[in-house]
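The chains referred to below are lettered A, B, ... by the order of the sequence lines, with proteins before strands, and numbering in each begins at 1.
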Amino acid sequence: MKVQNTLSQKKEVFEPINSPHVGMYVCGPTVYNLPHIGNARPAVFFDVVNRYLQFLGYKVRYVRNITDVGHLTDDGDMGEDKISKRAKLEQLEPMEIVDFYTRKYFEVIDKLNVIRPNITPTATGHIVEQIQLTQKILDAGLAYIADGSVYFDVHKYNKQEKYGELSGRILDDLLEATRELDGQEEKRNPADFALWKKAQPEHLMRWSSPWGEGFPGWHLECTVMSTKYLGETFDIHGGGMDLMFPHHECEIAQAKASTGKAPVKYWLHNNMITIDNAKMSKSTGNFVTIEELFSGNNPILAQAYSPMTVRFFILQAHYRSTLDFTNDGLLASQKGYKRVINALNIIKKLEFPKENFDKNLFDEKIDTQIHQFCDNALRAMQDDFNTAMALGQISNMVKKINTFYLQPETIPQIAETTFARMKGLFIALVEDVLGLQEEKNDNTEGLIVALLEFYKEAKAEKNYAIVDKIRGHFKANKLTIKDLKNGNVEWGYEE
RNA sequence: GGUUUCUUGGCCGAGUGGCUAGGCAGAGCUCUGCAAAAGCUCGUACAACAGUUCGAAUCUGUUAGAAACCUCCA
């Protein structure tokens with residue numbers, strides 16, 4: 001398998017440090033707002049990575065953090081922070097916000113059929129470790145204390161290591177480009193970043209430390225938690241491209257400063273999502289939440305889109321391309337998804353004929369074609385998780401499956417082993433790897449009412465055979481038909 | 001200004017130097033009491049220019065345009 005490593009900017013052969021074990025860390029959400037469609041992409045994509053690695057037989061330990069401190073009030077920026085403003089307005093504890101949005105996050109991400117990570121650590125749960133790491137970097141001489149805060153000394157670090165290796169930035173260029181921000185006077189250098197930040201009196205989340213009361217810096221938690229659960233060097237670190245700089249760059253710096261080792265072997269970054277070609281972000285407020293997507297309750301949306309439609313839509317693009325959310329695109333995915341699921345249900349029931357089939361039917365061309373679909377689909381996944389390509393091949397299989405379904409007698413055009421391979425792979429890819437599952441329509445009520453119509457008609461015609469038959473079906477489903485005195489017919493649960 | 005990336009048919013969206021990606025929409029056909037579903041067939045696609053090559057959407061260069069990041073964000 002090959003993966004595109006942001007660090008080398010090349011596709012590299014994936015070789016776990018400690019095969020068959022794979023350690024994967026993905027930056028999770030900052031839980032101070034409703035999860036939006038931009039949160040859905042990494043969640044779904046890295047879920048597929050997790051699933052595919054397991055499909056290949058690896059034992060994955062998947063860690064995805066919850067950032068619940070460090071972003072509630074800005075570092076330096078004196079501008080308005082809508083969240084803390086709102087927290088104040090609603091008189092909520094920060095942890096109340098955190099708890100509420102964490103639950104919201106899991107709620108919608110679960111609906112997308114994302115398997116929960118093995119560990120979901122929180123930043124507030126690792127304050128002690130973060131203090132320890134800060135001390136370690138101080139001891140290494142790569143940080144300095146300024147008025148109760150601790151800053152990472154990027155300049156000094158850059159003399160022994162290369163700061164900017166992940167994002168391809170050069171420190172000197174960065175300095176010129178960096179804007180003047182408020183509250184940065186304490187820093188020796190604008191590129192320096194906070195490891196520990198002194199808490200202002202109004203700051204609600206605070207812990208005592210050797211440097212006074214404060215809270216951990218933005219980048220510290222990921223270094224601490226990834227190291228704690230996956231070791232000083234682990235296999236995969238994932239996240240959105242926007243985290244490449246400075247977040248992941250700082251993580252590398254923190255890790256190298258404290259352990260002297262590169263923390264991550266393969267860096268994977270998913271691209272951004274746009275809405276009608278405009279970038280989505282929390283601050284500009286043009287965002288669509290995942291809940292809204294499911295409910296259709298947003299002016300941008302023409303209708304509601306089911307979780308699996310959204311998942312299918314995300315997987316139809318390669319993860320390193322930007323993905324534009326449009327109604328047309330989602331609608332196309334809705335249909336494409338249903339087509340695949342219909343075929344999934346069909347192939348599950350479809351069997352190769354036991355005997356009495358015409359052995360002369362065997363057609364090597366078709367047989368080879370099926371094998372190619374299978375090979376191509378697997379190759380696509382092997383090549384940097386090309387889910388779009390894999391879905392294309394699955395689509396090819398769908399056609400064949402539908403044909404075989406309508407003309408089962410033609411199944412022996414392919415060998416029994418070929419049939420078994422396609423069946424097994426199709427199900428495995430769709431369900432296990434891509435994580436697409438059937439969404440059952442909840443049309444029970446409508447169907448019951450329809451059946452009652454027939455019941456009434458049959459009764460009017462005194463066709464009691466049909467009447468009894470319908471009653472029987474209701475009973476079999478633990479329902480009863482109630483012929484009311486006023487002539488109405490209703491249904492209820494069997495008591 | 002710097003860094004990274006992108007520009008594919010009506011829309012979305014893959015792609016290897018030479019062989020049909022795929023989906024959606026559209027047209028025609030088959031099947032069908034009518035439909036639907038399904039299958040088959042079809043449309044001019046690869047930003048522009050130049051170069052490398054027997055051959056390039058795929059490599060190189062130039063130009064134009066776009067995006068993300070450089071500041072909290074997945």
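- Between A:Y266 and A:H237, the distance from one ring center to the other does not fall under 6.0 angstrom.
- Remark: A:K348 engages A:E431 in a salt bridge, criterion side-chain N to carboxylate O under 4.0 Å.
- Taking side-chain N and O atoms only, A:N402 has a distance below 4.0 Å to OP1 or OP2 of B:rG39.
- Phosphate contact (OP1/OP2 of B:rG15, side-chain N/O of A:N386, threshold under 4.0 Å): present.
- Separation of the P atoms belonging to B:rG15 and B:rU5 is 15 Å when rounded to the nearest angstrom.
- Taking atom NZ of A:K338 as the reference point, atom P of B:rA37 lies 12 Å away to the nearest angstrom.
- Contacts of A:G38 with the nucleic acid, taken as non-hydrogen atoms under 4.0 Å apart, include base atoms.
- At the heavy-atom level, A:N342 lies nowhere under 4.0 Å from the strands shown.
- Applying the Watson-Crick and G-U wobble criteria (two distances, each under 3.5 Å), B:rC6 pairs with B:rG65.
- Using Watson-Crick or G-U wobble geometry with both donor-acceptor distances under 3.5 Å, B:rC40 finds its partner in B:rG28.
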Q: Could you walk me through whether A:K423 and A:E351 pass the salt bridge (charged side-chain N to carboxylate O under 4.0 Å, His left out) test, one step at a time?
A: CA-CA 9 Å; A:K423 181 169 178 171; A:E351 296 289 345; 3.4 Å; yes
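- Between the C1' atoms of B:rC29 and B:rU63, the separation comes to 47 Å (whole Å).
- Nearest-nucleotide assignment on RNA chain B puts the 5′-proximal partner with A:K11, out of A:I37 and A:K11.
- With both pairing distances under 3.5 Å, B:rC34 is matched to nothing as a Watson-Crick or G-U wobble pair.
- Taking a pair to require two hydrogen-bonding distances under 3.5 Å in either a Watson-Crick or a G-U wobble arrangement, B:rC59 pairs with B:rG51.
- The pairing partner recorded for B:rC11 is B:rG23, the criterion being a Watson-Crick or G-U wobble arrangement whose two distances lie under 3.5 angstrom.
- Residue-environment remark: CZ (A:F454) stays at or below the threshold of 12 foreign heavy atoms within 6.0 Å.
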Q. For every nucleotide of nucleotides 21-27 of chain B, 5' to 3': is a protein heavy atom under 4.0 Å from its base (B), only from its sugar-phosphate (S), or from neither (-)?
A. BSSSS--
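- The residue A:M241 sits apart from the nucleic acid: no heavy atom pair falls under 4.0 Å.
- Among residues two or more places apart in sequence or in another chain, the side chain to side chain contact (heavy atoms under 4.5 Å, CB included) test is passed with A:T403 by A:Q407.
- Atoms CZ (A:F245) and P (B:rA74) sit 17 Å apart, rounded to a whole Å.
- The gap from the C1' atom of B:rG61 to that of B:rC24 amounts to 38 Å, rounded to the nearest Å.
- Taking the six-membered ring for Trp and the full ring otherwise, the centers of A:H126 and A:Y229 sit less than 6.0 Å from each other.
- Nucleotide B:rU4 holds its P atom 18 Å from the CH2 atom of A:W267, rounded to whole Å.
- Taking atom P on both B:rG43 and B:rU53, the two are 33 Å apart, rounded to the nearest angstrom.
- Nucleotides B:rC54 and B:rC42 are separated by 34 Å at their P atoms, to the nearest Å.
- Dashed line: the shortest gap from a side-chain N or O of A:T274 to OP1 or OP2 of B:rA67 is not under 4.0 Å.
- Nucleotide B:rG1 forms a Watson-Crick or G-U wobble pair with B:rC70, both donor-acceptor distances falling under 3.5 Å.
- Residues A:R188 and A:D192 are not paired through a salt bridge, judged by the lack of any N-O separation under 4.0 Å between the basic side chain and the carboxylate.
- Between the side chains of A:D367 and A:T418, at least one donor N or O lies within less than 3.5 Å of an accepting N or O.
- Put simply, A:T326 has no side-chain N or O that comes within less than 4.0 Å of OP1 or OP2 on B:rC11.
- Rounded to whole Å, the separation between the P atoms of B:rG9 and B:rC46 comes to 7 Å.
- Nucleotides B:rU71 and B:rA64 are separated by 30 Å at their C1' atoms, to the nearest Å.
- Applying the 90° cutoff around 0 to the glycosidic angle, B:rG55 is assigned anti.
- When the P atom is used for both B:rA38 and B:rA25, the distance is 10 Å, rounded to whole Å.
- In terms of position on RNA chain B, the residue among A:F373 and A:K400 whose nearest nucleotide sits closer to the 5' end is A:F373.
- Centroid-to-centroid, the aromatic rings of A:Y305 and A:F294 stay 6.0 Å apart or farther.
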